[in-house]
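Right, one structure below, let's go through it.
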Amino acid sequence: MQALDIDYMLGLVPVLLGYIPLTLGMATAAMVLALILGSLLAVERVVKVPVLDTLVMLFISFFRGTPLLVQLFLFYYGLPQVLSFLTQINGVTAAVMGLTLHFAAYMAESIRAAIIGVDRSQWEAAQSVGMTQTQMMRRIILPQAARVAAPTLVNYFIDMIKSTSLAFTLGVTEMMGATQKEAAGSFLYFEAFLVVAILYWIIVEALSQVQKLLETRLNKAFAR
Amino acid sequence: MIDVQGLSKRFGDTAVLNGIDLTINDGERIVVIGPSGTGKSTLLRCLNFLDMPESGRLRIGDLELDVAKAGKADILAVRRRTAFVFQNYALFANKTARENITEALIVVQKRSRIDAEARADEILRETGLADKADVYPAALSGGQQQRVGIGRAMALDTELMLFDEPTSALDPEWVGEVLDLMRRVAERRQTMLIVTHEMQFAREIADRVIFMEGGRIVEQGSPQQLFDHPQDPRTREFLKRVG
């Protein structure tokens, strides 16, 4: 076994750090969009609008039932062939779109479960004071469901950050893509991928700390 | 004035309300008593559309409707003219005591935040909870939660306040403070329809007591008439059991 080229690894760190904004940017954009879409899908699954409900179920089933990589290829390489206006789509947009739809499908199910878990008395109290369905959801039910769903949703965010690495297959030079290029130049594959693995790991660990703060905040109302 | 005609409701094959006729005058305080499972709570819940009545007519002030044909807008209109106090308090768990009161004022009645908060603080003072304004329900005692629940209903200034066994879920030590607050609400001649098992309280504050059984109003009258000279054997039987 050969010794690790530590100097090479240390030298690689600042190079890869430069790609963190793109990696986190894609993950954050997709997370925000997936949260919005996932909440809408979840609310629909609870309220069950005729016809729309079938479409939503189909959507969730497809995006949970097929690999993310297949979905990304479908968007980036496949769709522009049938929808000509998509020919201009760049890898970053396609990746964010794919991550959004994929994770929205998963989040919808977690959020739906959390919504259903909100105590019946909360729904009745909101109805009794004359709130509309939308007011009730937005002001009373979703905030309480968020507390229950938060740990799971943060898990999805972690998964999403790691999944941005798939964007390199769409030609996006993000952290993984950059590592690939560096490694191809130096032939030090083990060192290069070890560095990028550790960087992902550190980002996720930092996020876990944020998760703790978030949970404390969301639990504020429920502390005795 | 509130006028209910032929209000009926079934759960599956069981008729829970069998054509209830009831006229409530402005400022009248009515207590509904009767064995459990006889439709008392369902009557209240139907008047707030928490349960959907199947047939009958309902008039609350200027609003009149056939409940079978009630659409979304009618349901909201009825809910906005009635306020509900729940047995299990049902405070918004994600809102402080003050926010529980301001919430509907701001969101439903479209009052300004300043206005709503001023009203809430006034109500918190009246209910003796001024020091609990920023406390969340989970940190309040049952009695305090129910006082906020009543405060939330008071703030809405509705034509009718519905109380669904407001003291039944309380530890005995908290019942007194909740009944005291209800007495104060009653003193303002707020129109109230109360389901309760507190017979002494009913005798004290009710203008009229209604005895229900089997989804029907069996007998009604002043507290003296109903408690001291019940006419119907079923009323006599019930009062003997609880008294």
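First the proteins, then the strands, lettered A, B, ... as listed; each starts at 1.
Contacts between A:R120 and chain B at a heavy-atom distance below 4.5 Å involve the side chain alone, from C-beta outward. Heavy atoms of B:R152 lying under 4.5 Å from chain A belong exclusively to its side chain. At a 4.5 Å heavy-atom cutoff, the contact between B:F86 and chain A is made by side-chain atoms alone.
Atom CE of A:M131 sits about 4.0 Å away from atom CZ of B:F92, to the nearest 0.5 Å.
Atom CD of A:Q81 is surrounded by 12 or fewer heavy atoms from other residues, nucleotides or ligands within 6.0 Å. Crowding of A:Y19 atom OH: a count of heavy atoms from other residues, nucleotides or ligands under 6.0 Å not exceeding 12. B:K110 NZ: more than 12 foreign heavy atoms inside a 6.0 Å radius. Within 6.0 Å of atom CZ in A:R138, 12 or fewer heavy atoms from other residues, nucleotides or ligands are found, so the atom counts as exposed in its surroundings. Summarising the local packing, CD1 of B:I114 is surrounded by 12 or fewer heavy atoms from other residues, nucleotides or ligands at distances under 6.0 Å.
Taking every heavy atom of both residues into account, A:A125 and B:A90 meet most closely at CB-O, 3.1 Å. B:A93 and A:F222 make their closest contact through CB-CE2, 3.6 Å (heavy atoms, listed as atom of the first residue, atom of the second, distance).
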Hey, mind stepping through A:Q122 and B:L91 against side-chain contact (heavy atoms from CB on, under 4.5 Å) and telling me if it holds? CA-CA 7 Å; A:Q122 299 295 307; B:L91 296 185; 5.9 Å; no
Please determine whether side-chain contact (heavy atoms from CB on, under 4.5 Å) holds for the pair B:K95 and A:R139, giving the CA-CA distance in whole Å, both sets of side-chain angles, and the decisive distance to 0.1 Å. CA-CA 10 Å; B:K95 306 277 174 192; A:R139 314 256 334 163; 3.7 Å; yes
Begin with the C-alpha distance, continue with both residues' side-chain angles, and end with the deciding distance and a verdict on side-chain contact (heavy atoms from CB on, under 4.5 Å) for B:E103 and A:V129. CA-CA 9 Å; B:E103 184 65 14; A:V129 298; over 6 Å; no
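The greatest number of non-hydrogen atom pairs below 4.5 Å with chain A, out of B:L156, B:T96, B:L76, is found for B:L76. Chain B forms more heavy-atom pairs under 4.5 Å with one residue of A:R147, A:Q144, A:Q133, A:K220 than with any other, namely A:Q144.
For a heavy-atom cut-off of 4.5 Å, chain A lies close to B:R45, B:N48, B:L50 in residues 40-55 of chain B. Near-neighbour residues of residues 157-186 of chain B relative to chain A, defined by a heavy atom under 4.5 Å from a heavy atom of that chain, are none.
Side-chain atoms of B:N94 never come within 3.5 Å of backbone atoms of A:L218 as a donor-acceptor pair (strictly under, hydrogens ignored).
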